[in-house]
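Since the structure comes first, as structure tokens, the remarks are kept for the end.
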Amino acid sequence: MRYDLDQVPEPIAYKLLAATVIPRPIAWVVTRGAQGVNAAPYSFFNVMGSAPPTIALGLMAAPDRGFKDTALNILETGEFVVNLVPERLVQAMNLTSADAPRGVDELALAGLETLPSQHIAPPRIAESPVAFECRALSSVVTGPCQTVVIGRVLAVHIQDRYLKNPERAHIDTDALDLVARSFGSDYIRTHDRFDLPRPTWAGLQAAGKV
Ligand SMILES: Cc1cc2nc3c(=O)[nH]c(=O)nc-3n(C[C@H](O)[C@H](O)[C@H](O)COP(=O)(O)O)c2cc1C
């Protein structure tokens, strides 16, 4: 079966992409705009590079409101915090995804405490084990009220208890207990790991494989 995506309705295109590109990490994004502080989860999210350190977010249109509040605030201010989501915070994260009217502070709605950021105006979520302070490097409007934001990561906050060795940035990844999104309301835990060392050309030659 082949789907040509300019021939199918948008919900079909969405399903084909979002039900196959899994698991997706979740960026719990806090912004501050003219209407105050805003929080919402975004799973079209990943790291894009480390020199400079960059992340990307995909913000689709809201069916009834045009740009989502997160997109409006980032386009206006260029500033946002990406908080990562452990399993214990999934209910609060989910609450902040509600289609609340503009100006509603979803952090207050979900009973979440915040801490000030160092470089930017939006605060971070105090309970989140990891938070990235970001400034937009570039924002591309990819469709009607749909945007991809590339953010430069200015600072990483990580709770001390998850650092095995702060000097070397050895992180207790398992203890972070982060969740990822599958399709719809399905989520995936990040504990089911296996080890696969990367080959080198020299190693392949030594083993007579090339
Ligand atoms: C786990 C999760 C991941 C989501 N990922 C995205 C996403 O990547 N892009 C998007 O446009 N909406 C995504 N949403 C929906 C937004 O969170 C939702 O539309 C929210 O109301 C937007 O809030 P805002 O207008 O305050 O930015 C996601 C929702 C959940 C629960």
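Each ligand, and each atom within it, is numbered from 1 in the order the structure gives. For this chain, numbers begin at 1 and follow the sequence in order.
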Between side-chain atoms of residues 141-148 and protein atoms elsewhere (two or more places apart, or another chain), which donor-acceptor pairs fall under 3.5 Å?
residue	atom	partner	partner atom	Å
T142	OG1	Q146	O	3.3
T142	OG1	Q146	NE2	3.0

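- In the vicinity of T70, heavy-atom distances shorter than 4.0 Å reach the ligand 1 atoms 24 (P), 27 (O).
- No part of A62 comes within 4.0 Å of ligand 1, judged by heavy-atom distances.
- In this structure, the separation between CG on D99 and NZ on K68 is 9.5 Å, given to the nearest 0.5 Å.
- Looking at atom 7 (C) of ligand 1, its nearest protein heavy atom turns out to be Y42 CD2, 3.4 Å.
- Of all heavy-atom pairs between V29 and F80, the closest is CG1-CB, 3.9 Å.
- Residue E106 approaches ligand 1 through these ligand atoms, each under 4.0 Å from one of its heavy atoms: 26 (O).
- Taking every non-hydrogen atom of A98 and a distance limit under 4.0 Å, the qualifying atoms of ligand 1 come out as 21 (O).
- Residue-level proximity to ligand 1 for F45 is absent, since no heavy atom of it falls below 4.0 angstrom.
- Among I125, L89, I26, the single residue meeting the side chain to side chain contact (heavy atoms under 4.5 Å, CB included) criterion with N83 is I125.
- When non-hydrogen atoms are compared, ligand 1 lies under 4.0 Å from the side chain of R65 (C-beta onward) but not from its backbone.
- Contact annotation: for K68 versus ligand 1, heavy atoms closer than 4.0 Å belong to both the backbone and the side chain.
- Only the backbone of L59 comes within contact range of ligand 1, with a heavy atom under 4.0 Å; no side-chain atom does.
- Within ligand 1, the atoms closer than 4.0 Å to a non-hydrogen atom of Y187 are 1 (C), 31 (C), numbered from 1 in the order shown.
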